[in-house]
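In what follows, every chain begins at residue 1, and chains take the letters A, B, ... in the order their sequences are listed.
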There are 2 protein chains.
Amino acid sequence: SVNPDLASERQTASFCVEKLTALLDGGAEQTRIRRAVVAAIQSDPVFSRENQYFQTQNERYEAAVRKAVHLQKKMHEMGWTENGPEYKYIYRALSGDVAFLLHRVFMRSISVLGSDKQIAKWIPLATQLRLIGSYAQTELGHGTYLQGLETTAVFDIATQEFILNTPKISAMKWWPGDMGRSATHTVVFAQLYIHGKCYGIHPFIVQIRSLQDHSLCPGITAGDIGPKMNFEAIDNGYLMLKNVRIPRENMLSKFCEVRPDGTYVRQGSQKINYFTMTTVRISLISDEVLIPLMKACTIAIRYSVVRRQSKLKPGEQEAKILDYQTQQEKLLPQLAAAYAFHFINDYLQELFDRGYREIQRKNFDMLPELHALSSGFKAVITHHCTAAVEICLRACGGHGYSLLSGLPSLYTKILASCIYEGENTILLLQTARFLIKCFMAASAGQPVPPSVTYLAAVKPGKCPAKNKSDFLSPDIYTEAYQHVAVRLISSTAAKLQDLIQSGAKKYDAWNQCTVQLVQAAKAHCHYITVKNFAETVEKLETKAGIQRIMKHLCDLFALHGIFSNTGAFLHDGYISAAQMDMVTASYLDLLAVIRKDAVPLVDAFDFTDKSLNSALGSYDGQVYQRLYEWAQKSPTNKMSPAYERYLKPLLHNTLSKL
Amino acid sequence: SVNPDLASERQTASFCVEKLTALLDGGAEQTRIRRAVVAAIQSDPVFSRENQYFQTQNERYEAAVRKAVHLQKKMHEMGWTENGPEYKYIYRALSGDVAFLLHRVFMRSISVLGSDKQIAKWIPLATQLRLIGSYAQTELGHGTYLQGLETTAVFDIATQEFILNTPKISAMKWWPGDMGRSATHTVVFAQLYIHGKCYGIHPFIVQIRSLQDHSLCPGITAGDIGPKMNFEAIDNGYLMLKNVRIPRENMLSKFCEVRPDGTYVRQGSQKINYFTMTTVRISLISDEVLIPLMKACTIAIRYSVVRRQSKLKPGEQEAKILDYQTQQEKLLPQLAAAYAFHFINDYLQELFDRGYREIQRKNFDMLPELHALSSGFKAVITHHCTAAVEICLRACGGHGYSLLSGLPSLYTKILASCIYEGENTILLLQTARFLIKCFMAASAGQPVPPSVTYLAAVKPGKCPAKNKSDFLSPDIYTEAYQHVAVRLISSTAAKLQDLIQSGAKKYDAWNQCTVQLVQAAKAHCHYITVKNFAETVEKLETKAGIQRIMKHLCDLFALHGIFSNTGAFLHDGYISAAQMDMVTASYLDLLAVIRKDAVPLVDAFDFTDKSLNSALGSYDGQVYQRLYEWAQKSPTNKMSPAYERYLKPLLHNTLSKL
């Protein structure tokens with residue numbers, strides 16, 4: 001039985017939910033395949049997540065290994081293959097709660113960086129899980145700045161081996177997943193030395209645990225780095241190497257090789273490697289960032305029509321909390337952001353597929369733009385979505401704080417996406433460097449990549465909006481975003497030049513501009529997101545109410561961005577104070593409009609109750625019943641020794657006093 | 001041995017750290033007492049927190065009970081009393097990691113709401129921990145809106161008892177601390193019914209567990225609500241009552257009494273009760289909000305001078321990350337906020353002490369202002385500090401995400417302060433209601449309370465700053481904050497009036513203004529915080545460099561607020577675009593100035609390594625060593641059954657293949 005407060009929300013949907021789901025999936029056939037995968041996974045008790053909020057780190061790890069091993073079997077049973085259409089939905093259906101993810105990165109790095117011989121040797125073993133791999137790049141003292149890695153690999157001509165060492169504690173490998181307890185092998189990134197000369201960072205396959213009894217190999221110190229904010233299922237590990245000898249053949253040698261006589265040979269272009277790292281940033285957006293936000297919106301919005309608090313009108317019953325403007329203003333912009341980023345993700349995926357095809361044809365022209373876009377959007381989307389999930393959590397009051405709401409684990413997991421695969425601030429500065437370069441080029445009349453041609457067409461002027469409904473025109477707000485991006489990029493470029501002309505060293509001038517460079521990079525990505533959303537809406541079919549509601553969400557996303565960042569638009573008077581008041585009025589009006597479709601809009605994300613794993617977000621909205629039933633299963637509802645040891649002695653003789 | 005990168009930071013302090021510590025403590029004698037308490041607690045192994053990041057919820061609960069019981073003994077041993085000068089430092093020294101905190105609320109509610117007879121009966125038993133109390137107000141379906149509570153207490157004249165019931169699932173008591181597993185008694189808030197008539201919410205003492213064997217009493221269903229984002233040590237509980245009969249004497253009856261014949265008598269004023277709730281909001285700021293922020297700043301800033309990454313200047317060694325402008329811009333404003341809120345907390349404490357004295361003299365005039373201030377500042381400070389701790393966590397990159405950094409637990413704990421003791425948005429709207437009322441009164445020439453007299457003196461005009469150094473004048477920026485507060489309050493009051501005049505119902509008009517009302521309430525609190533910081537700095541002694549560095553922090557806090565919220569200041573042109581550029585320049589300059597004293601400024605908070613419980617924040621800065629040593633102790637570094645069960649069968653026969 002569906003909670004009537006939730007049921008009533010579904011009766012008045014202004015659009016066809018099933019059609020919107022198909023749009024999000026990329027077609028009704030995709031929806032069908034996705035649902036089949038989800039059903040198969042979620043009906044299998046081995047993949048159950050029901051106890052996960054009660055489990056210790058040890059229990060979570062064990063369950064993740066069990067699931068990973070079982071998944072091999074399941075895929076065979078279901079006829080799913082790595083190249084089949086089902087594959088991309090498996091991880092989503094498991095909510096990422098499975099081991100051996102770094103084993104995949106181990107395989108990918110061998111496939112990309114290894115010679116044909118190396119691929120032929122290692123990939124079949126890895127595919128059959130006859131060894132377990134990891135990927136050991138990050139060190140205790142070194143992350144994003146790869147050149148700073150300290151692990152060494154010295155070539156010994158006499159034995160035709162590399163000797164690997166961790167010269168000091170900051171060089172210890174730290175964080176690699178699957179390495180703390182599972183891995184038998186890992187790809188170690190180390191500074192290559194031949195005859196005392198350093199050739200920079202190279203990848204080496206190193207066995208770290210015995211295949212016989214899983215004991216650590218000689219010279220290896222390794223273990224688990226302990227508890228984290230989330231990722232309990234993953235055995236992130238540490239690794240120290242002491243005179244570990246590996247054969248010459250274990251250096252991955254597609255691009256670089258050390259010949260038996262110690263000659264170092266570099267072959268082909270390494271650019272393609274950077275492109276692999278670039279694509280990882282894009283590929284994580286969907287599963288690790290958008291799905292958590294969509295789940296958080298689903299949970300918080302369903303809860304907000306079931307939870308009633310205080311009276312909106314005197315004499316009536318307590319109101320659904322989603323009827324309060326403040327609650328709408330918390331949640332609905334996050335919902336709009338989920339859609340905005342879904343569409344920009346489609347755009348980026350397409351762009352990267354195209355880039356990949358070009359690169360296969362040895363055309364590397366798109367690389368700088370793709371690097372800048374992947375860096376900037378990874379940073380902007382992870383940052384925005386992390387903040388959005390936190391808002392959803394806090395908008396559910398006390399119950400949002402219970403692990404059983406599902407929101408804390410969504411938050412603590414998405415938060416990591418701001419840090420891994422490139423720390424966000426550093427990534428934004430890489431985007432900024434590209435933007436400044438392009439701005440200079442554009443100013444000098446040189447050609448620039450497609451995504452930044454707008455920098456060449458700087459138009460002064462004012463926003464032409466005359467009344468609040470003008471701000472529901474995509475041209476009006478897209479233009480405003482573009483104006484701000486250009487202003488921030490050009491003014492920071494000017495500051496940079498001024499500093500250098502006043503005698504500052506280039507690196508010093510750069511550092512003094514970084515706070516503003518970060519703002520400029522964000523403005524650029526925000527502009528492209530708004531523009532892409534508006535263009536996507538334009539192209540949608542008008543039937544079934546889809547285009548209408550998407551247009552509202554696009555308007556809301558755009559106006560929320562202006563409302564939350566008024567200074568950027570007011571600064572040079574592009575938007576006047578009177579116009580800003582119109583923005584505010586239009587924005588607040590939109591909240592009330594979208595509120596009516598809020599539940600259908602999250603229903604369209606099509607999460608099953610098992611996917612959400614939340615007492616607040618279930619499809620039937622039986623929030624209180626579920627919280628109560630679930631809490632009773634907590635291990636904290638078994639007797640603890642605290643009573644016998646500590647409480648009984650205190651309480652036992654009180655009875656006579658009462 | 002102190003990490004040389006950290007040691008060098010201390011050698012160049014521009015002020016006397018010990019003097020600043022004494023200032024924060026309220027005098028050198030207070031510092032001495034605090035340190036003695038901390039030393040006594042932290043040298044006692046029972047109070048150790050070293051294993052806490054590895055413990056399950058059950059283990060944390062048990063440790064908290066052990067500590068609470070041991071604390072009784074310790075206080076006796078040390079000669080500490082509840083009225084002694086040491087008392088306020090005990091909880092801080094324990095980092096709140098102790099059971100029976102709600103037992104204290106149980107006692108306080110009896111002391112405040114109970115008759116002399118009730119106090120005489122219950123308080124001695126509770127003081128000796130011969131029973132364990134809790135405080136059962138919140139229900140599954142009801143939080144901030146107390147009138148909505150559904151638990152009933154029906155008076156039965158025949159037996160002279162109250163019959164307590166939980167009429168439906170949403171009426172189940174949910175969240176009370178110490179109730180899930182420990183409490184024998186609790187104060188239940190329930191709707192009182194006599195002869196079928198409802199008299200509203202009243203407090204009743206109910207026994208829930210046997211003193212003999214701790215089994216649940218007849219009619220009681222109770223247990224633990226399960227895992228939360230933090231507070232593992234606390235057994236937050238649920239409670240259902242089914243025809244639970246308690247004697248007439250168990251209704252707390254200082255202000256309201258039910259006579260044997262069923263007559264309901266209300267005595268005296270209940271206003272004092274609200275004042276108790278008000279003071280709780282202020283009292284939590286110090287231990288639950290400011291201390292965590294100060295700890296987070298200490299950890300993140302010490303780490304940021306030990307961690308080196310990338311090169312700032314070509315050819316040099318990798319730079320301390322605190323030398324990057326972006327890192328300074330993350331952390332230093334949070335440091336300034338910690339000081340700003342420390343001083344506003346002093347101001348509020350003083351104001352509330354004064355208010356308390358007035359109220360004891362039956363003068364209730366200050367109540368509305370105190371209520372508005374406590375609501376607004378609770379919301380603004382908890383919100384700001386929660387965001388600040390999150391920034392500190394993220395500024396430490398991957399290591400900040402390890403529980404061993406101490407930052408995740410600080411974040412997940414401080415986050416709760418935004419929700420408990422009044423949800424922040426609701427509190428801000430209460431402040432806003434007061435502000436609108438005062439603005440109307442002031443506009444009509446009526447007198448208003450001291451903190452809002454500025455509303456009466458609305459001056460149009462522009463910011464007079466001529467160059468960037470003018471923005472280091474407290475008059476200039478305080479005036480700007482005042483201007484914005486007045487503008488937001490007056491414009492929202494005008495919108496409210498317009499809506500009502502256009503025929504909107506009052507409650508509807510209010511709801512349509514709530515997003516802006518929240519902004520207005522925040523602006524008011526922000527203004528008072530800046531003003532108070534500036535006035536505090538003015539009064540400081542100039543010697544030992546204290547006033548100078550506090551002035552810098554005050555400037556930074558004020559300018560950061562403008563820089564982060566430029567639109568509010570630009571909107572009506574009070575600050576022009578050219579002036580805003582001066583603000584930005586001044587603000588960025590200040591970062592570089594304060595960066596030099598960043599470590600001494602966190603050293604002045606005077607946390608011991610045991611208080612911080614962080615691998616990143618230790619006084620000696622031996623970050624990597626500590627992470628490694630600590631991680632090795634994690635229970636995830638013991639053998640898990642996953643190997644035998646799942647990995648061994650996969651790996652065992654691979655050996656022959658390699």
| field | A:H383 atom NE2, over 12 foreign heavy atoms within 6.0 Å | value | no
| Proximal component of B:A592, with respect to chain A [non-hydrogen, under 4.5 Å] | neither
| said: Tell me which of these, A:T144, A:T584, A:V518, A:L404, has more heavy-atom pairs under 4.5 Å with chain B than the rest. | reply: A:T144
| Among A:L415, A:D581, A:N511, which has the most heavy-atom pairs under 4.5 Å with chain B? | A:N511
| query | Which class fits the ring pair A:Y401 and B:W175: parallel under 30°, tilted 30 to 60°, perpendicular over 60°? | reply | tilted
| remark: Counting heavy-atom pairs under 4.5 angstrom with chain B, the leader among A:E329, A:K313, A:M580 is A:K313
| Which portion of A:Y643 sits near chain B, non-hydrogen atoms under 4.5 angstrom | side chain
| field | Which atoms of B:Y587 approach chain A - backbone, side chain, both or neither, heavy atom under 4.5 Å | value | neither
| request: Between chain B and each of A:Y324, A:Y420, A:W510, A:F569, count heavy-atom pairs under 4.5 Å; write down the option with the most. | output: A:Y324
| remark: Per-residue tally against chain A (heavy atom, under 4.5 Å) across B:N236, B:L312, B:I132 peaks at B:L312
| Just by distance, do the side chain of B:D224 and the backbone of A:T636 share a donor-acceptor pair under 3.5 Å? | no
| field | B:H142 versus chain A, the contacting section by heavy-atom distance below 4.5 Å | value | both
| query | Is any side-chain heavy atom of B:Y646 closer than 4.5 Å to a side-chain heavy atom of A:L129? | reply | no
| query | For B:L403, is it the side chain, the backbone, both, or neither that has a heavy atom closer than 4.5 Å to a heavy atom of chain A? | reply | both
| query | So what's closer than 4.5 Å to chain B heavy atoms on A:L407: side chain, backbone, both or neither? | reply | neither
| note | Residue from A:E390, A:Q327, A:Q632 scoring the most non-hydrogen pairs under 4.5 Å with chain B is A:E390
| request: Heavy atoms only, distances under 4.5 angstrom: which of B:V623, B:L588, B:D508, B:D235 has the most pairs with chain A? Name it, please. | output: B:L588
| message | If we count only N and O atoms by modelled type, under 3.5 Å, do the side chains of A:S640 and B:E62 hold a donor and an acceptor together? | response | no
| remark: Note: vs chain A, highest number of non-hydrogen pairs under 4.5 angstrom among B:D323, B:D213, B:T138, B:I426 is B:D213
| query | Is any side-chain heavy atom of B:T566 less than 4.5 Å from a side-chain heavy atom of A:H571? | reply | no
| Is it true that a side-chain atom of B:R181 and a backbone atom of A:K638 form a donor plus acceptor pair closer than 3.5 Å? | yes
| Atom group of B:T412 that falls short of 4.5 Å from chain A, counting heavy atoms | both
| Winner by heavy-atom pair count (cut-off under 4.5 Å) against chain A, out of B:T425, B:T56, B:L517 | B:T425
| When the aromatic ring centroids of A:Y411 and B:Y411 are compared, is their separation below 6.0 Å? | yes
| Do A:Y628 and B:M240 touch side chain to side chain, with heavy atoms closer than 4.5 Å? | yes
| Side chain / backbone / both / neither for B:R645 at chain A, heavy atoms under 4.5 Å | side chain
| With respect to chain B, which residue among A:K228, A:Q55, A:K330, A:K506 yields the maximal number of heavy-atom pairs within a distance under 4.5 Å? | A:K228
| request: Give, for atom CG of B:L131 and atom CG of A:L650, the distance between the pair rounded to the nearest 0.5 Å. | output: 10.5 Å
| said: Is the shortest side-chain heavy-atom distance between B:S402 and A:I225 below 4.5 Å? | reply: no
| So which heavy atom on A:G143 is nearest to which on B:Q309, and how close? | N-OE1, 3.8 Å
| query | Quick one: does B:I169's side chain get under 4.5 Å of A:Q625's, heavy atoms only? | reply | yes
| Side chain B:Q325, main chain A:V515, donor-acceptor under 3.5 Å | yes
| message | Given heavy-atom pairs under 4.5 angstrom as the criterion, report whether the side chain, backbone, both or neither of B:S405 touches chain A. | response | neither
| task | Supply the atom-to-atom distance B:H214 NE2 to A:M639 CE, rounded to the nearest 0.5 angstrom. | result | 8.0 Å
| message | Below 30° counts as parallel, above 60° as perpendicular, anything between as tilted: where do the rings of A:H399 and B:W174 land? | response | perpendicular
| query | What part of A:K505 is in contact with chain B, defined as an atom under 4.5 angstrom from a non-hydrogen atom: side chain, backbone, both or neither? | reply | neither
| Nearest atoms (heavy-atom pairs only) where B:M229 meets A:P408 | CG-CB, 3.2 Å
| note | A:Y624 and B:G141 have their tightest heavy-atom pair at OH-CA, 3.4 Å
| said: Looking at A:E423 and B:R307, is any side-chain nitrogen of the basic one under 4.0 Å from a carboxylate oxygen of the acidic one? | reply: no
| Do A:Y145 and B:K311 have side-chain heavy atoms sitting under 4.5 Å apart? | yes
| note | Most contact-rich option vs chain A, by heavy-atom pairs under 4.5 angstrom, among B:A64, B:P314, B:S210, B:S409, is B:P314
| If you round to the nearest 0.5 Å, how far is OG1 of B:T326 from CG of A:N424? | 12.0 Å
| field | Option in B:T184, B:N230, B:D572 with maximal non-hydrogen atom pairs under 4.5 Å from chain A | value | B:N230
| said: For B:S634, which atoms come within 4.5 Å of any heavy atom of chain A: side chain, backbone, both, or neither? | reply: side chain
| When rounded to the nearest 0.5 angstrom, what distance separates CG in B:L647 from CG in A:L211? | 11.0 Å
